[in-house]
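Before any comments, here is the structure.
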Protein chains: 2
Amino acid sequence: MSARTSPASAQSAAAPPFLTEPVEDYLKAIYELETRTGAAATTDVANALQVAPASVTGMIRRLAAQGLLDHVPYRGVQLTEMGRRAALRTIRRHRILETYLTQVLGYAWDRVHDEAERLEHAASDDLIERMSAALGHPTVDPHGAPIPTADGTVDERNHRTIADLTVGETVRMLRVSDKDPELLRYLAEIAMQPGVSITLLQRAPFDGPLTLRVGSGEQVVGSTLAAQVLVESLPVPEASASDAGSPSTRPRSARKSSR
Amino acid sequence: MSARTSPASAQSAAAPPFLTEPVEDYLKAIYELETRTGAAATTDVANALQVAPASVTGMIRRLAAQGLLDHVPYRGVQLTEMGRRAALRTIRRHRILETYLTQVLGYAWDRVHDEAERLEHAASDDLIERMSAALGHPTVDPHGAPIPTADGTVDERNHRTIADLTVGETVRMLRVSDKDPELLRYLAEIAMQPGVSITLLQRAPFDGPLTLRVGSGEQVVGSTLAAQVLVESLPVPEASASDAGSPSTRPRSARKSSR
DNA sequence: TGAAATATTTAGGGCGTGCTAAAATCACGC
DNA sequence: GCGTGATTTTAGCACGCCCTAAATATTTCA
């Protein structure tokens with residue numbers, strides 16, 4: 001693609017030409033690492049994308065040259081504003097696609113990730129907005145992840161997990177990663193889906209299994225699983241009655257806008 | 001992509017790894033040239049794909065090596081059975097996508113080609129079949145092109161065009177290419193869509209404009225446009241009355257299966 | 001029939017993305 | 001404060017797909 005004389009091309013712009021598929025994948029991965037751990041190390045990116053570290057270094061050089069991120073050698077990378085916007089654009093597409101696939105086309109929630117992963121690079125903005133409209137402009141995807149708006153804002157808070165609960169506490173399930181189909185299938189089996197109410201009934205010592213009330217059923221789950229399920233304290237814990245931990249634990253609204 | 005150790009990968013297979021996006025585009029283009037003109041010349045493929053002829057030679061070499069087509073140097077190419085199946089798979093996706101975009105997501109028929117062109121490479125078989133099912137398994141796309149079945153059969157007949165009509169003849173519009181948005185917009189303006197009834201009222205000499213009855217309106221169109229609109233003789237031309245050309249002009253059902 | 005026009009292929013590159021192996025740098029514990 | 005292991009980068013290469021220029025084959029027509 002060195003010197004093509006691309007003719008007129010299209011009307012419903014797909015993506016700026018420099019946002020190739022691999023580039024979008026890198027930006028997305030870096031964005032996710034950055035928001036989770038504050039910075040993205042070469043090795044982490046390599047793991048996330050299943051690519052050799054040396055390949056990451058190479059790509060990072062190109063992305064930095066294009067102004068999509070800043071790179072301090074041996075120190076990791078940080079997205080620029082432009083890079084962040086591009087990443088959020090891809091994430092928006094991904095999540096709207098996942099929502100559309102489950103709600104309109106009947107996909108199971110453990111099957112949408114791979115499909116969305118491919119479509120997110122091919123769909124035009126127009127298509128994404130049409131899907132969003134058809135869904136009534138949803139704000140979360142089927143796994144509970146917030147959908148960035150078209151102008152690039154997301155409600156990206158750090159939530160607690162089931163593993164963080166104190167015994168007796170009741171919360172609402174918010175979210176789980178979309179990346180592990182097996183986990184998702186299992187969660188569906190035990191009726192753990194975003195929105196369901198969860199109470200920690202009992203916690204075995206030494207990182208042992210947790211006994212939960214999930215909706216109207218009772219389940220015993222391992223601590224690994226528990227650590228992957230994000231939850232939110234119930235807004236008003238039913239006036240009077242039990243006095244659990246902190247009633248007003250609404251975490252500060254980290255709007256994740258500029259930096 | 002030389003020696004990746006791809007891990008486990010997926011469940012809802014996207015496409016065999018050797019069917020890259022450019023490869024699918026080449027096969028599709030070659031298939032279309034082949035069915036229209038019997039064989040595909042290097043230059044024609046180059047024109048169809050907006051690529052230099054030398055690039056076509058190079059790609060053809062690779063495709064022949066993979067057994068997707070046969071190449072006699074200086075003589076053009078022909079798809080093998082494998083190549084033909086791959087081409088029809090892509091065409092099926094393209095046409096189902098176009099149908100879905102117009103019927104479900106409200107796209108105008110002149111906007112679907114580009115979008116489908118990109119999505120056809122990314123959608124899984126599963127997604128395509130779900131869309132097809134949601135549409136009630138349509139057999140033609142919005143432009144009247146037949147949709148190949150999943151097992152690779154198409155009803156690919158050679159139809160007449162408006163330019164072939166004799167004055168006074170009435171036919172049903174069948175199909176028009178999806179590739180020229182301007183043409184499609186204009187056709188929509190004058191209410192020429194697949195299914196509409198068309199009568200040739202008058203033909204100006206020297207390749208001049210044609211006067212048509214289109215549905216209930218009257219239109220004058222140029223011969224270039226006329227040559228691009230495929231039509232079909234009416235099954236039973238209304239017992240008695242006018243005696244137009246050949247009543248049983250159902251062209252031999254060229255099922256286009258093996259060769 | 002033979003030369004000009006046209007079509008096709010070869011030769012020689014470029015760029016993007018990936019890999020391995022080896023070198024450079026960093027980080028940490030003794 | 002320094003060695004050692006982990007991390008990161010550099011070096012060198014492969015492959016897919018595209019390009020231009022030049023060579024070669026085919027076709028056409030005077």
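Just so it is clear: chains get the letters A, B, ... in the order the sequence lines come, proteins before strands, and each one is counted from 1. Bear in mind that the values here come from a model prediction, so they are computed numbers and not experimental data.
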Nearest whole Å is fine: how far is [N] [atom2] from [X] [atom1]?
X	N	atom1	atom2	answer
A:L27	C:dT17	CG	P	11 Å
A:N47	D:dT7	CG	C1'	12 Å
B:E24	D:dC17	CD	P	11 Å
B:H121	D:dC17	NE2	P	12 Å

Set of residues satisfying side chain to side chain donor-acceptor pair (under 3.5 Å) with respect to [X], sequence neighbours excluded:
X	result
A:D44	none
B:Y100	A:Y100
B:Q66	none

Could I get the full list of salt bridge (Lys or Arg N to Asp or Glu O under 4.0 Å) partners for A:E98, not counting sequence neighbours?
none

Any pair with a residue in residues 174-183 of chain B that passes side chain to side chain donor-acceptor pair (under 3.5 Å), sequence neighbours left out, goes on the list, sorted by first then second residue, please.
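For residues 174-183 of chain B: B:E32-B:K179, B:H94-B:D178, B:H113-B:D178, B:E156-B:R175.
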
Whether the A:T99 and A:D141 side chains hold a donor-acceptor pair (N or O, under 3.5 Å, no angle test) is what I'd like checked.
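On atom types as modelled, these side chains do not qualify, holding no pair under 3.5 Å.
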
Between [options], which nucleotide gets closest to the side-chain atoms of [X]?
X	options	value
A:V23	D:dT8, C:dT17, C:dA21	C:dT17
B:R75	C:dT9, D:dT27, C:dG18	D:dT27
B:T43	D:dC17, C:dT8, C:dT20	C:dT8

Strand-adjacent residues in residues 59-74 of chain B, judged by heavy atoms under 4.0 Å from DNA chain D
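Hits under 4.0 Å, by residue number: B:M59, B:R62, B:Y74.
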
Just checking B:T42: base, sugar-phosphate only, or nothing, at a heavy-atom cut-off of under 4.0 Å?
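Answer is sugar-phosphate: B:T42 comes under 4.0 Å of backbone atoms only.
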
Any base atoms under 4.0 Å from A:F18, or only sugar-phosphate, or nothing? Heavy atoms, all strands.
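Result for A:F18 = nothing.
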
Verify the contact: side-chain N or O of A:S55 to OP1 or OP2 of C:dG18, cut-off strictly under 4.0 Å; return yes or no.
no

For B:T20 and D:dC17, is the shortest distance between a side-chain N/O and OP1 or OP2 below 4.0 Å?
yes

Are B:L69 and B:I60 side-chain neighbours, meaning at least one heavy-atom pair lies under 4.5 Å?
yes

